[in-house]
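A quick write-up on the structure given underneath.
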Amino acid sequence: MNSDGSDSQKKKPPEDRSGGPRLPDLKPFKDWKFSLVYVLILVAGMSLFNYAFMKKVNPTVDFSEFKAKIASGEIKRVELTDSYFTGYTAAKREAAGRGGLRTFPAPPREPVYRTVPINDPEIIRLMDEKRVSYYAASREGNMLLNILFSWVLPIGVLFLIWRFILKRLRNMGGNVLSVGQNRAVIVAEGDIATRFNDVAGVDEAKDELVEVVDFLRNPRKYTDIGGKIPKGVLLVGPPGTGKTLLARAVAGEAGVSFFRMSGADFVEMFVGVGAARVRDLFKQARDKAPCIIFIDELDAIGKSRMNSAASGNDEREQTLNQLLVEMDGFDAAGGLIVLGATNRPDVLDPALLRPGRFDRQVLVDRPDLKGREAILHIHTRAVKLSGGVRLDAVARITSGFSGADLANIVNEAALLAVRSGRKAVEQQDFSEAIEKIVAGLQKKTRVIPPEERRLTAYHEAGHALVAAFTPHADPVQKISIIPRGVSLGYTIQMPVEDRYTITRSYLLGKIAMLLGGRAAEEMVSGEYSTGAANDLTKATDIARKMITDYGMSDRFRNVALTSRGAGADRQEPLFQREYAESTQQYVDEEIARILEEEYGRTKVMLEQRRNMLDQVAQALLDKETLDEREFKAITAQPAPGDSGASCGGRVSGAGIA
């Protein structure tokens, strides 16, 4: 039924995935592969027939050898033509027919000889002497067949194929060559099963979109009072946080059609194709209103035109211009709403974000602790869980994970349970799934030399002890020296709560924890190893951001030396230095000073707890893995001379070192 209660929509022709009317007859083009193979076989057959008809049946011999065969009596019959003399070793047979005796050559079971004719009068005399029958044959018929099969028939076949293609193109109205048709995936109303109950962890974003759903259901409630619903809503957030899922939930709750298209689908190598697809998309959407247009990865076509003034991309800019015109050319009262999604709002053109186009920006951020637990409950609806599974503990250890990451964890846990032969998923399956995703696959067959295994145990023990005795640091949940991925061991910290702001002491404590592994190695072996390469990279990056991004240096206090992109994940790399060479020298020296100071504090902390370090390392060598309870049992013993001093910092967030 249509919005006006009529049933006229049933009389419309069925629609394809591109949104336009289905072409009247696509059957001939569905069999294009068969037709192409048929044509190729036909041409190959004609070529083989032509080659077989005109090829040389027998190789030629020298004229002197041909005369010798006649003189010896081997050749019984000779066929004379302008091109060849052909000698047959068998005579003709005679058979009775309706018209009397009929003569025809016998099958050439014996060898047949062919030679190039030479003006030699003695050849006739020699054949008369040896009683060899000879006769002349004309090749005019072969020439005609050669012309027929080599020229006339192929040209005729190509002409018929061309006529067939032109006829089908006329019947299809030329749509087969229409590259400007949009490629949106259309989901009809009622076919979307996603609802707001299937989305969790983004309650604020759902509250913003409930208004859009209410407008699509009851538009007059807003128009009667004079209110206007936003034409466009931009969903901003890191990858995997559920922007597309939210858009589908809006369409499912409102019960309207849903046009989904990626920003990259508009751009082609031909200038003007993207603009044509934008026009076609909005034309079809207006015909199906009320509906939702969802453009994923909007930054593919919506990048700022000012930043690309030098290089420029005519196709992308024309597509963006057409999108701006189309969003200005419709009234939201008609029930057409545009939803966009991007994780790079900083690169979008200002004209696209102004009121009247994308009026509202909705942040779809990574979920907090309660949100992660709610997401896990949604993804475990169809999963058989044992009674001992605690999803709140899984949510606590997955700080910073997106909704897609949590869905992957649930799936990996189910697969691990099946692999182990269990009928339900247990808590250990979730723990193993998290370690597998974060640290990599477990290398069960890797053989580690005893000395490297000992250094790895002290390395991880150093990480754990520094984290345990750093004030307000996240508690250590697990320590292991079982190789995973490229690492020989790992230490997992479980945050007590989510943190949204980080102080300088937190960052310094995190640097100290990262340097704890190398400090422990130096205390045991007296030298450095490459096992701390990843730790040094992370520590150096933290120190650099403290100076250049956070304004935490003595000389450039409260000064940001860089202007990184403001993307949703805040992880954009910096490719251009925006300060002087002398400032760069200061940054390098300050980074080295911070790391050296924290390394010295870390060594002092571990030297004061050397006995505890040895106990943790030995326990790792014996058991390979220590959980939180076993580690706390060792660290609960007071260290000699321990006055409660620490490295002067705290570690923020969950992590694996």
Side-chain angles (χ1 to χ4, degrees), residues 28-29 31-168:
F29 279 84
D31 299 331
W32 254 112
K33 293 183 179 180
F34 175 79
S35 301
L36 181 61
V37 172
Y38 176 79
V39 171
L40 292 177
I41 292 176
L42 181 62
V43 173
M46 291 189 303
S47 302
L48 291 175
F49 181 83
N50 187 26
Y51 174 77
F53 188 83
M54 296 300 298
K55 72 174 184 177
K56 300 177 182 179
V57 179
N58 299 284
T60 59
V61 298
D62 296 338
F63 189 77
S64 58
E65 183 180 354
F66 189 81
K67 290 177 63 177
K69 298 289 184 183
I70 295 175
S72 63
E74 184 175 354
I75 294 179
K76 304 296 184 182
R77 178 171 51 86
V78 177
E79 181 182 77
L80 306 177
T81 65
D82 296 336
S83 302
Y84 298 101
F85 286 175
T86 305
Y88 299 94
T89 58
K92 295 182 180 180
R93 291 188 300 150
E94 294 183 351
R98 292 184 180 180
L101 293 178
R102 193 154 51 101
T103 304
F104 55 92
R109 297 179 181 176
E110 300 295 335
V112 178
Y113 303 98
R114 173 176 291 186
T115 186
V116 178
I118 297 178
N119 189 11
D120 185 4
E122 296 183 356
I123 189 67
I124 302 299
R125 182 180 57 80
L126 180 61
M127 288 189 292
D128 291 338
E129 291 179 356
K130 298 299 181 180
R131 299 180 181 276
V132 175
S133 61
Y134 54 91
Y135 55 93
S138 176
R139 291 292 184 185
E140 293 181 359
N142 294 340
M143 185 64 68
L144 292 176
L145 290 175
N146 185 28
I147 295 174
L148 175 64
F149 285 104
S150 299
W151 297 95
V152 178
L153 189 59
I155 293 176
V157 172
L158 292 177
F159 177 76
L160 293 176
I161 294 174
W162 180 247
R163 286 287 302 273
F164 172 79
I165 294 175
L166 288 181
K167 182 178 179 181
R168 296 307 173 192

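- Summarising the geometry, atom CG belonging to Asp62 is positioned 11.5 Å from atom NZ belonging to Lys69; distances are rounded to the nearest 0.5 Å.
- A 4.5 Å side-chain heavy-atom check between Phe85 and Arg114 finds every atom pair outside the cut-off.
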Side chain to side chain contact (heavy atoms under 4.5 Å, CB included) evaluation trace for Ile123 with Ile70: CA-CA 9 Å; Ile123 189 67; Ile70 295 175; 3.7 Å; yes
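- Residue Thr86 forms a side chain to side chain contact (heavy atoms under 4.5 Å, CB included) with just one option from Val78, Leu80, Thr81, Val112, and that option is Val112.
- Separating the CG atom in Leu126 from the OH atom in Tyr134 is a distance of 11.0 Å, to the nearest 0.5 Å.
- Residues Asp120 and Lys67 are in side-chain contact: their nearest non-hydrogen atoms beyond the backbone lie under 4.5 Å apart.
- Side-chain contact between Arg125 and Asp128: absent, with no pair of heavy atoms (C-beta onward) separated by less than 4.5 Å.
- Glu74 and Tyr113 share a donor-acceptor pair across their side chains, judged by distance under 3.5 Å alone.
- Rounding to the nearest 0.5 angstrom, the gap separating the NZ atom in Lys130 from the CD1 atom in Ile75 is 12.5 Å.
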